[in-house]
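Chain letters run A, B, ... following the sequence lines, proteins first, then strands; residues in each count from 1.
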Amino acid sequence: MGIYDTLNEQQREAVLHTEGPLLILAGAGSGKTRVLTHRIAYLIEEMGVNPWNILAITFTNKAAGEMRERVDNLVGIGSDSIWVSTFHSACVRILRRYIGLLGYDTNFTIYDSDDQKTLMRDVCRMLNVDTKMFKERMFLGAVSHAKEELITPQEFRLEAGGDFVKLKVADVYEEYEKQLRANNALDFDDLLVKTVQLFQTQADVLDHYQERFRYIMVDEYQDTNTVQFELVRILSSKYRNLCVVGDDDQSIYKFRGANIRNILNFEQFFEDARVIKLEQNYRSTGNILNAANAVIRHNAGRKDKTLWTANGDGGKLEFRQFDTAYDEAEYIVGDIAGSVKKEERTYNDHAILYRTNAQSRVFEEKFVTANIPYKIVGGVNFYARREIKDLLSYLKTVDNGKDDLAVRRIINVPKRGIGLTSVNRVQEYAASREISFYEALQAADLIPGIGRGLAKLESFTALIEHYKADAQEMSVSDLMKEIIEETGYIESLENEDAEEAEARIENIDELISKIAAYEEMCGDMDMPATLGGFLEEVALVADIDSLDENSDYVVLMTLHSAKGLEFPHVYLAGLEDGLFPSYMSITSDDLEDIEEERRLCYVGITRAEEELTLTCARRRMVRGETQYNRMSRFLKEIPVELVSTGETFAGEMEDAQKELQKELQKRNAYTQAKQAFQTKVYAAAKPAKQFGSPSGSSLDYEVGDRVRHVKFGEGTVTGIIEGGRDYEVTVDFDGPGTKKMFAAFAKLQKM
DNA sequence: CTCCCCACTCTTTTT
DNA sequence: GAGTGGGGAG
């Protein structure tokens with residue numbers, strides 16, 4: 001014995017329960033990663049499971065990397081044949097092998113959100129959609145949600161009924177899909193959707209992966225959406241060894257389609273599921289934990305649990321209110337500088353968390369002047385920068401000539417005298433022939449009206465062909481260097497704006513070293529370093545993946561990015577009504593929106609190990625204008641006795657602080673009274689709020705009943721599955737055959 | 001074809 | 001406040 005002795009009772013139970021479905025409700029800081037890694041070790045070493053048969057899914061590459069490292073340390077040999085990966089990269093890996101069966105090339109391109117936006121703009125233009133009236137963003141959101149719910153364009157159209165806007169979305173969705181396919185590209189959602197489709201249609205492929213992944217583990221399960229759920233469900237349906245770990249209180253991705261019902265209803269999906277709660281927190285002090293508990297208690301729809309800790313109370317939470325965001329930043333930066341100077345802490349002991357990326361700017365300024373090393377996670381992704389996208393587009397063009405977006409991006413970058421008129425002519429020609437943009441370019445001499453542009457187009461294709469040939473024998477980094485050299489990309493940047501060019505060139509250097517790092521990694525793993533491989537790697541990285549615990553810098557990031565991390569001293573900045581909780585959530589009629597913000601607050605508080613500082617400002621600049629905000633309602637949910645407002649303030653500041661403390665106290669008494677009242681109300685209302693029955697209503701038909709559908713006519717219900725938000729009903733229609741649909745959409749009528 | 005200026009929108013969060 | 005797109009001049 002040995003490694004399993006260090007676990008507490010619940011943790012050990014979770015580790016030892018290896019067969020059948022298992023839900024681990026792991027509160028913040030309760031050691032869930034420990035459980036997962038030990039469970040993997042246990043499977044291999046004690047149960048004799050082949051590492052090859054284990055799949056562990058995480059949300060970020062960073063989490064995957066950490067888990068892999070920790071498993072490596074626990075298990076001796078064989079750990080590298082365990083699949084530890086994110087949903088997205090697991091899907092890519094599967095699709096690279098089998099997507100041919102769905103009619104795509106295996107060297108498909110992955111479109112990031114920028115590419116999606118560009119494509120959507122094109123689509124709107126093609127369909128003559130007035131983008132003043134309907135925003136591309138709206139379409140992208142609708143399409144993405146449809147994909148998350150596994151609704152095809154055709155189904156979307158059927159379900160739109162006579163709704164004008166929905167029909168418009170259906171048109172756009174359909175064309176968008178068509179264009180993606182034509183470009184041999186998949187967007188983020190497609191990676192999951194296509195994999196599910198592959199499994200649904202190719203029984204042998206599904207069987208292959210079911211046999212391979214006999215033990216499946218999913219981390220951060222509360223943030224899975226419907227496609228991800230379906231993917232996991234279908235993969236695990238043969239051996240049923242599915243272990244999911246999550247915390248419904250930390251579900252913060254509803255806006256991205258995460259379906260909190262996946263975790264709340266797990267026991268209904270998997271009837272024989274074992275449920276284990278991990279409630280002992282090893283991370284934070286008692287005061288921090290009590291604050292977190294006090295806040296989250298205000299949410300209604302949650303699994304009942306209370307975190308406790310054997311750690312001491314620790315210091316009180318610090319709270320400060322400032323006049324401006326500027327003062328707020330100054331205080332925090334000064335506070336960090338002070339504790340580092342006193343050698344109490346290092347820079348990387350501190351993290352500043354905020355609601356919106358825009359808040360990082362003020363801090364950045366202060367850190368630069370204070371000469372303190374810092375790292376901002378998120379914001380503009382490295383790979384979304386213009387110069388990086390340009391150069392990657394060259395690589396993409398070489399790799400997949402069908403990626404029209406990439407080709408069009410670089411055709412005149414650096415400027416080579418190919419203007420919009422020529423591009424449009426080529427585009428029209430390509431569209432009329434149903435060939436790709438690049439293919440049209442290669443036949444440029446056949447394009448009517450191209451005139452003097454011909455020579456320029458031909459020299460462009462010659463250039464690309466030359467790179468394609470080079471790609472066969474050159475390493476990726478050499479190819480990249482050659483492209484930069486020969487196209488004169490750097491000179492063109494310098495001509496444009498010498499000042500900006502400097503930063504951009506630095507980024508280009510970083511890109512080259514990233515390519516080199518990729519090649520090195522491939523070398524270590526005995527894999528060929530391919531162009532496609534690098535592009536794929538790049539498409540799936542999140543900014544958080546680059547966070548390095550060994551570097552000594554202060555970390556700044558949004559609360560969303562902070563999930564899964566922990567720091568000795570955390571600063572929660574901008575705790576103001578209208579900012580956090582966001583204005584959107586306050587004005588929304590959906591009460592759940594505020595609850596999601598509160599969960600976000602809970603996530604923020606529980607990131608702190610020893611110290612937690614809460615700050616807000618009375619006024620701040622938002623979008624160029626000054627906003628006046630009251631302090632966040634979440635602050636008022638924290639018991640006053642846990643909070644100190646500090647005495648280091650002189651004069652008027654001090655008075656203000658005292659006044660505030662009084663208000664805090666008053667508010668607190670009020671909220672407590674209100675909360676006591678609410679608890680009673682919730683208790684009384686609970687039966688009606690059961691999550692077992694989606695949307696609170698049940699169906700008036702059951703299996704075997706005859707029903708009528710608006711489009712499909714009459715049929716017999718052959719199955720009803722309780723899905724996330726809704727029932728999934730299978731109906732055998734007399735005419736069109738068997739269809740699966742969501743009850744809320746389908747509006748079936750019992751006959 | 002390119003450059004420059006103006007107006008407009010955006011921001012809540014991201015794999 | 002910044003980044004983007006559109007329109008107009010050269």
Inset, instruction - Would you sort out whether A/Q179 and A/E177 count as a side-chain hydrogen bond (donor to acceptor under 3.5 Å, both in side chains), showing the intermediate values? - result: CA-CA 5 Å; A/Q179 290 302 321; A/E177 282 300 284; over 6 Å; no
Inset, instruction - Please identify each residue that fulfils salt bridge (Lys or Arg N to Asp or Glu O under 4.0 Å) with A/K396, with sequence neighbours left out. - result: A/D115
Applying ring-ring contact (aromatic ring centres under 6.0 Å, His included), name anything that partners [X], two or more places apart in sequence or on another chain.
X	value
A/Y518	A/F534
A/F367	A/Y374
A/Y326	none

Inset, instruction - Write down the distance separating the P atoms in B/dT13 and C/dT4, rounded off to the nearest Å. - result: 16 Å
Inset, instruction - Rounded to whole angstrom, note down the C1' distance from B/dT11 over to C/dG6. - result: 23 Å
Legend entry - Nucleotide B/dT2, atom P - distance to CZ of A/R416 in whole Å: 11 Å
Show every donor-acceptor pair shorter than 3.5 Å between a side-chain atom in residues 191-198 of chain A and any protein atom, with sequence neighbours excluded, or say none if there are none.
{"unit_1": "A/T195", "atom_1": "OG1", "unit_2": "A/L191", "atom_2": "O", "d": "2.6"}

Inset, instruction - Return the set of residues passing side-chain contact (heavy atoms from CB on, under 4.5 Å) with A/E330 (not counting sequence neighbours), or none when no residue passes. - result: A/K366
Legend entry - Test side-chain contact (heavy atoms from CB on, under 4.5 Å) applied to A/A325 - qualifying residues, sequence neighbours left out: A/E328, A/R620
Legend entry - Summary of protein contacts for nucleotides 10-15 of chain B, nucleotide by nucleotide, where a base hit scores B, a sugar-phosphate-only hit scores S (4.0 Å, heavy atoms): BSBBBB
Legend entry - Nucleic acid footprint by protein, nucleotides 2-9 of chain C - heavy-atom cut-off 4.0 Å, B for base, S for sugar-phosphate alone: S--S----
